[in-house]
Structure formats: structure tokens, C-alpha cells
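Computed over heavy atoms, backbone and side chain alike; hydrogens, waters and symmetry mates excluded. Chain identifiers are assigned alphabetically (A, B, ...) following the order of the sequence lines, protein sequences preceding nucleic acid strands; residue numbering begins at 1 within each chain.
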Protein chains: 2
Amino acid sequence: MSARTSAISEKRRRELVHAAYKQIAEGGFEGLRTREVAAEVGVNIATLHYYFPTKESLIGGVLEYAMGRFRTTLEPHGSPSDQLRNHLRAVRKLMVAQPELAAVMGELTLRSSRDPAVRAIVDGMFATWQSTMRGLLRRAVKNGTLPAQQDSGAVAGLVIAAIMGSTLPQVDPKRGDQAIRQLERLLGI
Amino acid sequence: MSARTSAISEKRRRELVHAAYKQIAEGGFEGLRTREVAAEVGVNIATLHYYFPTKESLIGGVLEYAMGRFRTTLEPHGSPSDQLRNHLRAVRKLMVAQPELAAVMGELTLRSSRDPAVRAIVDGMFATWQSTMRGLLRRAVKNGTLPAQQDSGAVAGLVIAAIMGSTLPQVDPKRGDQAIRQLERLLGI
DNA sequence: GAGCCTCCATCAAGTGTTTAATTAGCCGGC
DNA sequence: GCCGGCTAATTAAACACTTGATGGAGGCTC
């Protein structure tokens, strides 16, 4: 929080957050035990509480970490003409390459309906994503790479819903990819 | 389990399962406490364990209940020509009308990646849904109400992914509906 | 009264959190 | 140079409470 956090201290924090992140990925919030997090890093349980006063604050760290990870891939890149295509591919690839992130995102999304603090951040992330996506869609239409759409907002919502839905654990990765490719086809990308 | 379970006994079971169901809906698996379930029904904790030897078995009951609830709306109805449309509407309506069910489905879906018993059932449900959907799509194409599709399986997967994704808690119901309507438009329903 | 059902009391194993103490390194003054 | 205090970082050991589960005693109904 404060400006002067020593390098070693910052490292410890990251270690702890990352351990908790992995823990949540494989066991859900239900399976998150502060003791195990500490053990995985190889420190005493009290050390964990030295850096994160409460379990809640540790979860906060994980939330921040996961969101950061996700946000980076949301930033569009490549030539404007195929930014939309790149974007879809990138997000989908990320979710397949890092099932841990997909799992944690799922947990956080679900938790956001009960935890206002989580909700605020997750909501913000989705809002950003939605508006990014809408921008890409509009640009693609103006560009000519995409047939005109009535409601770019609704399309953006659909794309996001489809991506999130296709990363749910029961859908094996192949089916998820198929679904997204099918969406691209329908959209005319 | 056995054939002769008295009416009152069966009622108790249902009460307990339903209480657990509500509990999971509002607090996730993380927040499921057998004591609270028993308290909500108004019985002693030991009574709960009389009907459900373990917490796991209680969750099994909830799983069965939720799946049953979901499955009923999956059955297509109406005239064959607009069964597909009805189906989409029905599922979507269900998820909006019963946010509890959506929440529990989400929890179960996430849990299915860690719990083999849950996975088996949830997977089965999705498989059924997928093939039902594919059947509807094919019939609609043959019917003429839907333009020809290359891969009905992929389309079915997309529809399912979109529906599941649109019921995630952070998407407010209006956006979710928009997304599904947009999907209908794209599909040409 | 037999059998299904319910409760009281209790256990053992965790669970997040805290307390008091220890170590290591740094800095200023003598 | 070195010493005493200061702070950051870490630890062992518990604390207070929760949680799933049990055993045995009694009750209600047919």
C-alpha cells in the first residue's frame, strides 16, 4: 500500500498471492486455506498475516492479480483491420493456455454476486471489456471488414457471454474453440 | 433410496435439500453449513445426518434437484416449427426468473472440475442439452425456418456457451437478454 | 411395543487470527 | 570501531471459535 515497500517485501507478497491464486484455481474459494498458502511459500502462518491482515485482504490481492493478468490481453493490438479477430483469438487462447486463470475468473465472477468489493472490480473489468469490444466492432464495420450491425452493444455482449460460457470447465477446450469459431463465422469476421 | 420412504420422510428430505439449495445459491459452496441448513428447516443437526449421512450426500441431493429443475425446461415443446425459438426463450426465462438456479448451476459447473461425482452428472446434462439442441437446429433447417448451417454441433455449442455466459451474475439480466436476442438474430431465428 | 424419527450433548479436527518473542540489518552518537 | 536502540521480517504456540459428525436416550405413530 505505502510507497516504500522493500523489494523483498514485495516479492513475498507476490509469492503469497500467487500461491493463493493457484490454490483457488485448483480448489475454489471453498478450498482456500491460509495455512496451506503459507506452507506452499514456506513461511509461517503468522508471516502471511503480517502481509495480509485478513484472508479477505489476501483474496483482494488475488483479485487484483487475476484482473491484471486478464486485462493485458484485452488491450487490442495488431493492425486496425484485424484487431477484432486478434482480440477474439487472444482471449480464447489465453483461456485455453491458462486454465488456472479461467478457473479463478469463474470463481471471482460467481463470488462477485455476494461480495460487493469483488463485484465492483469485476464489474469494472467487464464494463471496460464491453466498451473495448464495442469500439472494435464499430471500427470493423466502418472499416468494411464486418457487415453493418444494428446494435454493436448487444453484439459485444453476445461475444463476451459466448467467450465466458465457452471457458466453463465442463466444455472441453475443443468444443469451446469450435463455438467461438462458429461465432466468428456468424458475425462474418 | 429404498422404495418405502414414508411421505413425511420424503418431505423432510425435500425440505433439507431445498434449504441447502437456497444456501448454496446465496453463499456458494463456501457458505454451505449443515447446521444452518438444519436450522432453516427447523430440525436438529443430527436429524439432517439421519437423512444425509454426510455433507457430500446432501450436496448430491442438491445436485439432483437442480439438474431436475433444469432438465424439465430443456424438453422442447410447442409446434415443431418454433421449438427452437421456444427453447431459447424458455431457458433464458428460467435463468432470469430463478437466479437461484443460475447461481447453483454456476457453482456446480465450477465444482465439476474438481469433483468427479458432480462432473459425471453435470457433463451428462450438458451432453443431453447439446444433442437436444443439435436436433432442434437440424429440424429447423429441414423445416425451412432456419438457413442451412455447416456444423449444427458447433452452433449448438455456441448457443449453450452464450446462454451459460449470459447468466453469469455480473451480467445484469437486461444485457443477458440482449445478448441472446442478438444471437437469435444472427442465427436467423 | 416396534420402528421410524428427533433431540441433547459432545467430539475431534480444523479454521482464521493473535500474541509474544526472536533474528537480522541498519543508523546515529560516543 | 562499536554499541545501543530501532525497525522490518519471521516464528512457535496458542486462542477462540466453527464445523462435520456421532452416540445414546427418548418420543411419536401405527
Side-chain angles (χ1 to χ4, degrees), chain A residues 1-24 26-63 107-108 111 114-118, chain B residues 1-63 107-108 111 114-115 117-118:
Chain A
M1 195 74 51
S2 74
R4 80 199 166 69
T5 41
S6 72
I8 176 171
S9 168
E10 202 50 47
K11 184 187 162 206
R12 260 288 122 90
R13 288 183 81 86
R14 269 202 304 272
E15 284 176 337
L16 287 167
V17 164
H18 194 252
Y21 169 83
K22 285 205 300 184
Q23 214 67 215
I24 292 175
E26 85 177 53
F29 278 105
E30 188 193 351
L32 180 62
R33 298 288 125 68
T34 54
R35 272 177 172 81
E36 281 191 34
V37 171
E40 184 162 321
V41 176
V43 298
N44 188 277
I45 175 65
T47 300
L48 183 148
H49 278 95
Y50 174 76
Y51 290 100
F52 299 95
T54 67
K55 186 183 184 181
E56 206 67 21
S57 65
L58 176 62
I59 291 178
V62 172
L63 173 63
E107 294 284 343
L108 286 172
R111 181 170 244 253
R114 308 168 220 134
D115 186 332
V118 173
Chain B
M1 195 76 49
S2 72
R4 72 199 175 72
T5 41
S6 73
I8 178 171
S9 168
E10 201 51 44
K11 182 185 165 206
R12 264 284 125 90
R13 287 184 82 87
R14 268 202 305 271
E15 282 176 338
L16 287 167
V17 165
H18 194 252
Y21 169 83
K22 285 205 300 185
Q23 206 84 201
I24 292 175
E26 87 177 50
F29 278 105
E30 189 192 352
L32 179 63
R33 297 292 124 77
T34 54
R35 270 178 172 80
E36 282 191 34
V37 171
E40 184 162 322
V41 176
V43 298
N44 188 275
I45 174 66
T47 300
L48 183 148
H49 276 97
Y50 174 77
Y51 290 100
F52 299 95
T54 68
K55 186 183 183 181
E56 207 65 22
S57 65
L58 177 61
I59 291 178
V62 173
L63 174 62
E107 293 285 344
L108 286 172
R111 180 169 245 253
R114 308 169 220 132
D115 186 331
V118 173

Side-chain N or O of [X] closer than 4.0 Å to phosphate OP1/OP2 of [N]:
X      : N      : value
Y50(A) : dA9(D) : yes
Y51(A) : dA8(D) : no
T47(B) : dC5(C) : no

Short N/O separations, protein against nucleotides 13-19 of chain D, under 3.5 angstrom:
residue	atom	partner	partner atom	Å
dA14(D)	N6	R35(A)	NH2	3.1
dT19(D)	OP1	R33(B)	NE	3.4
dT19(D)	OP1	R33(B)	NH1	2.4

Do any side-chain atoms of residues 52-61 of chain B form donor-acceptor pairs under 3.5 angstrom with protein atoms, and if so which ones, sequence neighbours left out?
residue	atom	partner	partner atom	Å
T54(B)	OG1	E56(B)	N	3.4
T54(B)	OG1	S57(B)	N	3.1
K55(B)	NZ	L32(B)	O	3.1
S57(B)	OG	T54(B)	N	3.2
S57(B)	OG	T54(B)	O	2.6

Pair listing, ring-ring contact (aromatic ring centres under 6.0 Å, His included) test, anchored in residues 28-47 of chain B, at least two apart: none
DNA chain C-proximal residues of residues 19-30 of chain B, any heavy atom under 4.0 Å: none
What salt bridge (Lys or Arg N to Asp or Glu O under 4.0 Å) pairs are there with at least one residue in [range], not counting sequence neighbours?
range                     : result
residues 41-52 of chain B : none
residues 45-54 of chain A : none
residues 34-48 of chain B : K22(B)-E40(B)

Qualifying residues under salt bridge (charged side-chain N to carboxylate O under 4.0 Å, His left out), relative to R114(B), sequence neighbours excluded: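 If we apply the salt bridge (charged side-chain N to carboxylate O under 4.0 Å, His left out) test to R114(B), skipping adjacent residues, the hits are E30(A), E107(A).
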For E26(B), all residues meeting side-chain hydrogen bond (donor to acceptor under 3.5 Å, both in side chains), sequence neighbours excluded: none
